[in-house]
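Below, chains carry the letters A, B, ... as their sequence lines are ordered, and counting in each starts from 1.
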Amino acid sequence: MTLASQTEIVAPRRRFRGLRKLARNRGALFGGAIVLFFVVLAVFAPLIATHDPFASSFTNVRKPPSAEFWLGTDEIGRDIFSRLLYGARASLMAGVVSVAIALLIGVPLGLVAGYFGHLIDGTISRFIEALLAIPSLILAIALAATLGPSLMNATLAIGVAATPIFVRLTRGQVLAIKTEDYVEGARAIGLPHVLIILRYILPNVLSPVVVQATITIATAIIAEASLSFLGLGQQPPNPSWGSMLNTAKNFMTQAPWLSIFPGGAIFLVVMGFNLLGDGLRDALDPRDN
Amino acid sequence: ADLNVALQDDPDILDPHRGNTFVGRMVFGPLCDALFDIDTSLNIVPRLVADWAWSEGDTVLTMNLRPDALFHDGTPVNGEAVKANLERALNLPESNRKAELASIESIEVLSDTQVAITLKAPDAAFLANLTDRAGMMVSPASFETAGEGGLVCAGPYKFVERIQNDRIVMEKFADHWDADNYHFDQVIYRPIPDTTVRLANLQSGDLDIIERPAPNDMATIQGDSNLVFDIVTGLGFYGVNFNLGNGERSQSPINQDKRLREALNLTIDRDVLNDVLGMGTYPPAYQPFSTASWAYNPEFDGGERDIERAKALMAEAGHETVSFEILYANNSAMQSLFELVQAMASEAGFNITLRPTEFAAYVDEREAGNFEVSQFGASGRIDPDGNFHRYLACGSAGNVGNYCNDELTDLLNKARVINDVEERKALYDQAQQIAAEDLPALYFYYTPRTWAYSAKLDGFVAYADGVLRLAGLKPKQ
Amino acid sequence: MSARQDIILEAREVTKRFGHPANFMRQSSLVHAVTAVSLSVRRGETLAIVGESGCGKSTLGRLLLRLIEPTSGSVVYEGQEITALRQRDMRRLRRELQIIFQDPFASLNPRMTVRQILGEPIRLHRLASGKDVDDRVDQLMRTVGLRADWSDRYVHEFSGGQRQRIGIARALAVDPKLVIGDEPVSALDVSIQAQVVNLLGELKRDFGLTLVIVAHDLAVIRHMSDRVAVMYLGQVVELAAADDIYEAPLHPYTSALLQAIPVSDPTARGQRQLLQGDLPSPTAPPSGCRFHTRCPHARPRCSQDHLALEPVGDGRFVACHFWREIQSAGVSVPAATARRSALEMRLGLYRTRQEERRQVDR
Amino acid sequence: MLKLILRRIIVALPTLIILSMIIFGLQRMLPGDPIQTMMAEESDPQVVEFLREKYRLNDPLPMQYLAWVGNVLQGDFGSSLRTGIPVTEMILQKLPITVQLATMAMIMALLIGIPAGILAAVHKNSAIDYTANAVALSGMSVPNFWLGIILIMVFAVSWKILPASGYVPITQDFWLSIKSMLMPAFVLSTAVAAYLMRHTRSAMLSVLSSDYIRTARAKGLLSNAVIIRHALRNALMPIVTLATLLFGDLLAGAVLTEQIFVIPGFGKLIVDAVFTRDYAVVQGVVLFTAIGFIAMNILADVLYIVINPRLRHPQ
Amino acid sequence: MTKPEPLLSVEHFSLSFGASSTNLIDDISFSVEPGKTLCLVGESGCGKSVTSLALMGLLAKGAARITGGKARFAGEDLFALPERRRADLRGNDIAMIFQEPMTSLNPSMTIGHQIVEGVRRHKAVSKEAAEARALEMLSLVRIPAPEKRFHAYPHQLSGGMRQRAMIAMALANSPKLLIADEPTTALDVTIQAQILALVSRLQAETGTAMILITHDLSVVAEVADHVAVMYAGRIVEVGSVDDIFSDPQHPYTLGLFGSVPSIGRRSGTLATIEGSVPLLERMPPGCRFATRCPFADQRCFERAPPNYEPKDGHRVACWYAPLENHVRAA
Ligand SMILES: Nc1ncnc2c1ncn2[C@@H]1O[C@H](COP(=O)(O)OP(=O)(O)OP(=O)(O)O)[C@@H](O)[C@H]1O
Ligand SMILES: Nc1ncnc2c1ncn2[C@@H]1O[C@H](COP(=O)(O)OP(=O)(O)OP(=O)(O)O)[C@@H](O)[C@H]1O
Ligand SMILES: [Mg+2]
Ligand SMILES: [Mg+2]
């Protein structure tokens with residue numbers, strides 16, 4: 001009887017609780033759907049594209065949307081729809097990879113600085129502050145120019161420029177988590193530092209980091225566009241949404257479709273990632289249900 | 001009244017002996033009178049020099065100065081000042097005019113208004129150089145401060161202030177000898193790099209004149225009754241040059257075999273470039289001399305696009321496909337150009353990789369010979385020598401591809417020391433013949449000198465050198 | 001006096017200050033959390049540490065396990081000075097010294113399953129490996145009265161009382177010799193609290209553990225402990241057997257604490273002499289006897305002379321200049337009111353039926 | 001308070017030293033040579049060599065660095081390679097412009113972001129909330145150069161109610177100056193407003209669910225009073241942090257906006273200098289903006305103390 | 001002796017959250033008379049705070065739904081009043097003290113200002129008069145040096161002082177009813193005793209009725225006139241404090257008493273209530289305590305127990321009451 005009654009109070013076993021919560025969040029679902037949609041477009045671009053994204057047709061320069069060219073053609077007669085698909089690859093990569101870089105560098109540094117404190121923290125923090133004091137776009141421009149113009153380098157530069165925020169955020173979280181009883185409990189059983197960091201600290205600092213990451217994906221996509229504007233982003237003839245917008249701005253009045261579609265795509269993806277980020281925050285937060 | 005003019009870039013240092021940029025020349029125009037000037041047909045005309053004479057053998061130039069020319073600080077532009085300026089241009093360590101004046105042997109002040117220049121050898125381009133920065137006169141009192149914002153010249157306008165990236169303000173110099181011909185009290189040059197923004201400012205009435213509107217905006221400008229579009233063919237050109245002897249990368253097939261270069265040339269349809277990119281403003285170019293120049297020879301033009309022949313030439317050279325890389329400085333005009341070239345050439349089997357590079361790095365790469373094929377452009381000189389010798393003569397400063405044909409160099413050197421136009425033209429024709437054989441460079445189109453300005457202006461004249469001249473320009477009555 | 005080998009853990013003049021002293025840039029923010037505390041824990045006993053919030057109980061508990069480094073003083077475990085051990089040796093020793101935390105919600109990693117939480121220390125100290133770990137985990141779950149087949153759940157799926165049991169199970173996982181409970185039941189509801197108190201009692205009996213319980217609920221303390229140390233503002237002011245403390249407190253602060261316990265019967269309401277004022281700030285503790293600012297018996301000497309815990313016979317210790325006089329002044333001690341007969345009778349029925357049901361379950 | 005500021009300045013010193021090394025090192029890693037870049041078409045080897053010597057470009061890097069630091073400590077930031085103008089003069093010339101632009105942008109962002117964030121939080125999960133979020137996100141996702149051109153087209157070209165570009169010093173004509181900065185400041189403010197809106201929203205949400213808000217309502221206060229008097233002030237801390245951080249970024253990060261609206265601020269100056277390898281300018285201006293950034297952080301600390309009595313009266 | 005008219009009487013009050021079909025608070029009734037204290041006891045999460053917040057009208061809109069019942073306060077049904085009228089009552093006729101003294105005061109406003117604000121919201125008095133009232137209240141709750149504390153921020157006060165400031169704020173408008181939700185749980189033993197003594201003295205002086213929420217039986221013994229024992233959203237037993245302490249009937253009440261260790265010498269193990277509260281969705285339709293009750297049988301699980309009234313005003317909801325009549329002594 002006693003044991004039987006104990007069964008009652010325990011919530012039914014639920015695997016993937018976070019995912020379920022995510023699935024119940026309409027905003028997150030919508031955001032996820034948008035992101036997924038563009039990911040599919042990017043991955044299957046060669047299959048979906050109606051034209052060769054690089055083939056210019058000298059007779060079809062800056063044609064408005066039509067049955068043949070769904071979203072029109074650009075300034076040297078290439079199909080905008082097909083370029084948009086291929087551009088999704090560059091823009092998503094600029095967003096996702098740069099954030100991945102920022103996470104891979106920033107989170108470990110933040111963990112180490114926050115956990116060990118003292119001299120290590122002082123050193124890392126001073127360095128990060130110095131980087132923070134350089135405006136991030138300037139930093140990205142300088143890095144991208146150093147590495148030479150290419151999408152990968154721009155991505156790397158954006159990632160590095162975004163890193164200090166992640167170090168700060170992670171470090172702040174670690175400082176809060178570090179004093180939790182369960183971390184002390186881990187020390188009390190004699191667990192070495194590495195394992196404490198990996199098993200106790202890391203999983204518990206991740207939730208705000210993930211949210212910040214989705215916002216940063218959005219800013220990174222915009223940053224790629226800015227670098228493209230300065231000639232440091234995706235290299236021609238390969239498209240990115242940013243570089244498409246960049247050329248399109250010269251034709252804003254004569255051929256508005258050149259800017260509307262890549263601009264709209266950026267808006268949708270940014271929206272998608274942010275909604276997803278909001279949803280992830282709710283899903284990762286163990287406090288509410 | 002004020003005149004607001006938009007430039008494409010912010011000029012560099014405001015000292016005619018040290019400046020490097022084209023937009024800098026635009027700004028020097030009204031500020032600093034030169035010894036000579038050109039007319040719309042590129043003839044040399046007097047400016048600070050009232051008249052001049054060459055000695056027998058063309059080695060001594062005697063110039064009579066205008067007696068009424070004053071610097072903005074009130075001092076006269078006299079013989080001593082001319083000598084001091086030329087010597088400064090020759091001797092100042094940072095001077096960029098040395099090459100242009102290199103043929104000077106000595107300068108002699110004969111009187112307040114008379115100066116004689118003795119040359120080491122005849123120099124055909126000498127007078128042309130004196131129409132530009134090398135011939136601009138700076139008040140000797142301001143030699144030290146010129147550049148740091150204290151430029152004192154003898155032009156119809158004097159310098160007031162400069163805010164970097166924002167404006168250069170100049171006001172009318174009332175004591176200028178030709179002051180009556182200048183109708184604006186104040187002239188403001190504003191650097192606006194973005195063509196769309198430049199045009200928008202003109203449309204909104206914030207500007208009166210803009211330089212180099214984008215070709216695709218031509219229709220808009222022409223359709224606007226408040227605006228006027230003007231265009232002349234400039235002296236410069238755009239094309240590509242090949243790395244024929246500068247380091248390892250000169251070893252690639254396209255640089256080793258002129259048949260391949262010929263094939264590439266045959267794939268380029270200049271008319272399409274003109275239509276698609278220039279909206280009709282990019283005059284097709286096949287030679288270094290613009291149609292505005294007397295050295296231009298229509299015989300070297302032509303060569304219709306011919307994919308079949310291109311393929312045949314490639315087959316002859318033993319290639320089905322040829323891959324190479326084009327290096328260029330990244331901006332959207334160059335990007336469209338080379339994307340189009342890439343697309344055109346691919347039809348014959350050329351597999352072109354584009355390497356757009358940030359400008360500073362681009363300059364570096366060219367100097368270092370780290371390219372196979374590179375963007376090739378020149379803003380163009382009044383004298384044909386500046387468009388040819390500098391880029392293709394053996395060992396010349398601008399010859400980054402290290403192309404060297406002794407015969408051609410010989411011809412060009414000869415043309416340098418003859419003042420007779422007919423004789424020189426014959427030499428240039430011969431030189432062109434050789435260049436057309438070797439194909440060290442391809443020319444795509446001549447730089448158009450385009451302008452858009454408010455219909456409220458009267459008396460606007462476009463010059464082939466692209467520099468704005470304010471004489472006679474006035475608001476419509 | 002008990003023999004030396006009966007002492008399992010001993011604190012010698014341990015002091016802990018937090019924060020930093022004043023320097024030319026900023027004011028001092030030194031918190032005198034624990035000041036020169038000496039006490040010894042006997043093998044097999046339950047020692048309780050009581051006192052108001054912020055008086056340094058938790059800090060002392062942590063110092064005893066060297067979870068934080070003392071500012072001065074030392075801690076000796078089984079004759080070995082653990083405050084002098086190297087980190088690596090200390091980690092090995094951690095198997096024998098464990099802690100149960102106050103907050104059942106904060107003390108377990110929310111991202112780990114119970115099996116991971118309990119299996120980790122077992123593997124770490126190589127008490128078992130492979131399949132045996134799981135068996136041990138199941139065994140532990142049963143020991144603390146939880147179903148073994150729940151061990152794949154995450155902690156948020158358990159109620160507060162159950163979580164506290166998991167916390168206890170984790171402490172027990174490595175077969176410790178001494179367990180410190182830092183307010184192990186304070187966060188729990190009365191009914192759950194009773195379950196855990198009973199469980200701790202059983203475990204101590206069954207495994208021969210030594211327990212140090214940090215708490216502020218005096219009734220719970222009395223129920224659980226053999227000896228009690230009363231702390232005030234970072235110092236131990238009285239240490240004695242539980243019954244002695246409750247029946248004849250010597251230190252005025254101990255009496256005040258006991259006075260504050262609410263009556264357990266509405267008929268026994270009446271005027272009580274309550275301690276006035278609040279605990280002074282530990283950043284600037286009062287001089288002399290730290291309790292003198294609130295002590296009803298304070299005299300001038302109290303604010304000047306520093307004093308230490310002194311033995312007063314029968315294994316009792318007290319830190320007060322005037323304990324003899326105060327005691328003879330007759331401090332009223334709360335009476336344990338007899339429960340009403342109806343309640344006793346029905347509670348009897350309740351217990352009996354509960355016991356019967358338990359039998360049936362087994 | 002003074003002590004706090006002093007302490008913060010001392011703590012900032014190592015940061016500045018590291019920062020100066022980073023910019024110095026980063027610049028020298030850039031491919032391309034400042035002199036060659038400047039001369040481009042007309043390069044003359046003699047002149048190049050002369051300038052290399054003049055600007056110490058032939059010295060070993062550490063020497064160059066020390067020489068620069070030495071000069072900076074004497075207040076000499078050097079002068080531009082390209083225009084010959086002293087860096088200090090450039091900074092002084094552009095400082096009021098940049099500060100005006102950043103300040104107007106920040107004010108606009110605050111005026112948009114905070115009320116929107118409050119509205120969204122108060123009406124959580126309602127149509128208002130979703131709309132505010134969508135507007136904020138669109139502000140975040142529209143590239144500045146694009147928005148800028150659209151605004152010029154509409155307000156300057158079609159309606160002719162605002163100047164298309166350019167800058168009028170505030171000392172010359174106050175209203176015209178404000179007017180000429182309206183569009184660029186707005187363009188610049190969109191992303192900041194979006195961040196502020198989202199952070200205000202979440203800060204307000206956590207404050208609104210706190211106990212003292214319940215206490216305020218238990219006093220019978222009406223909801224506007226509760227939100228404005230009790231919630232907002234307590235939600236302000238993270239907003240202040242963010243706003244000061246972003247203000248630092250606005251000082252030099254307005255590159256594209258400055259370019260579109262032809263405003264001679266720090267952003268375009270630095271980027272041009274990066275592209276022309278005008279070392280002294282990049283170093284000088286970045287160092288200067290970094291000092292500005294650090295000053296902003298100190299300002300944030302001071303503001304915390306103003307907002308948060310816990311810091312004002314430590315107990 | 002006729003029973004005085006109750007100040008507040010809650011009748012058959014039910015409430016549920018979100019889309020849940022089970023009532024979290026299920027059909028509870030109780031009343032408070034002027035000047036008297038009703039203690040609401042029960043374990044954590046049984047709905048004590050929710051009930052008090054519902055009476056205050058402070059439950060988040062949208063989340064909670066009142067699914068039945070009335071709360072008559074001085075002639076008005078609280079649940080039927082428009083929001084504006086409720087706001088007028090709040091802090092004026094009905095005041096509340098919250099559980100957490102540490103977080104229930106606005107950290108960026110002085111104590112004095114927070115009290116003044118409440119006074120001026122309801123009384124048309126000058127700023128000076130309101131400040132005078134606030135000072136008076138601060139000295140009434142025995143805050144030392146009230147003029148100084150008036151300008152203090154919450155963090156500058158100790159927990160005990162903050163709780164006293166809360167009490168001052170709640171009583172500043174002389175409410176007819178004071179709801180105190182576990183006012184001492186967060187406080188130390190010695191401070192807790194001070195606060196409880198203070199509250200009951202003030203109440204005696206002002207004649208304010210009080211609902212005191214707690215889970216601590218000794219607090220009940222100390223201050224209550226009447227007691228309502230709650231379990232999982234229902235009131236299982238209600239009566240005068242003497243009834244509950246001397247004649248407890250419900251097995252849950254018994255379990256509670258058994259769980260509290262006595263201050264006397266140690267006496268074996270504690271009686272416990274096994275298990276814990278089931279989730280709301282899994283609540284048995286009958287007696288909600290059935291899952292943990294040692295006496296429960298099929299009937300208890302299935303059918304709601306009847307009310308047994310051993311005496312006027314003492315009511316218990318159990319099939320087995322009185323126990324000794326239904327269960328054979330061992
Ligand atoms: N890490 C720390 N840094 C600074 N001060 C601390 C730290 N830990 C504890 N303190 C301070 O030391 C004093 C004693 O704290 P401790 O936690 O030991 O008290 P406690 O008796 O356990 O109180 P509680 O009953 O509230 O748990 C307190 O004033 C506390 O603020
Ligand atoms: N907004 C809400 N939505 C859903 N459930 C809620 C909400 N607020 C409270 N509850 C639930 O209502 C129940 C009663 O909560 P309440 O705060 O009244 O308990 P309590 O008796 O005051 O407990 P404690 O002694 O811990 O304060 C809890 O189970 C809680 O989870
Ligand atoms: Mg503690
Ligand atoms: Mg509650």
query = So which part of B:Leu199 gets closer than 4.5 Å to some heavy atom of chain A, the side chain, the backbone, both or neither?
reply = neither
ask   = Does any heavy atom of chain B fall under 4.5 Å from the side chain of A:Gln254, the backbone, both, or neither of them?
value = side chain
Closest-packed option against chain B by number of heavy-atom pairs under 4.5 Å, given A:Pro237, A:Gly77, A:Pro149, A:Ser150 = A:Pro237
ask   = Is it the side chain or the backbone of B:Asp275 that comes within 4.5 Å of chain A heavy atoms, both, or neither?
value = neither
note = Cut-off 4.5 Å, heavy atoms of chain A, and the answer for B:Tyr328 is side chain
key: Segment of B:Thr220 engaging chain A (4.5 angstrom heavy-atom cut-off)   = side chain
ask   = Are side-chain heavy atoms of B:Leu207 and B:Ile192 found at a separation under 4.5 Å?
value = yes
key: B:Glu320/B:Lys311 ion pair, N-O < 4.0 Å   = no
task = Could you tell me which portion of B:Met279 (side chain, backbone, both or neither) has an atom closer than 4.5 angstrom to a non-hydrogen atom of chain A?
result = side chain
message = Would A:Glu68 and A:Asn60 count as a side chain to side chain donor-acceptor pair (under 3.5 Å) here? Give the steps.
response = CA-CA 11 Å; A:Glu68 154 108 76; A:Asn60 283 311; 5.4 Å; no
message = I'd like to know if B:Glu347 and B:Arg305 make a salt bridge, using a cut-off of under 4.0 Å between side-chain N and carboxylate O.
response = yes
query = Can B:Tyr446 and B:Phe237 be said to form a ring-ring contact (aromatic ring centres under 6.0 Å, His included), step by step?
reply = CA-CA 4 Å; B:Tyr446 298 121; B:Phe237 55 77; 7.8 Å; no
Segment of B:Gln342 engaging chain A (4.5 angstrom heavy-atom cut-off) = side chain
task = Find the one option among B:Ser336, B:Ala214, B:Ala361 whose heavy-atom pairs under 4.5 Å with chain A are most numerous.
result = B:Ser336
message = Counting heavy-atom pairs under 4.5 Å with chain A, which one of B:Val276, B:Thr196, B:Asn216 comes out on top?
response = B:Asn216
query = For residues B:Asp12 and B:Thr21, is any side-chain donor paired with an opposing acceptor at under 3.5 Å?
reply = yes
query = Would you find more than 12 non-hydrogen atoms of other residues, nucleotides or ligands less than 6.0 Å from A:Phe127 atom CZ?
reply = no
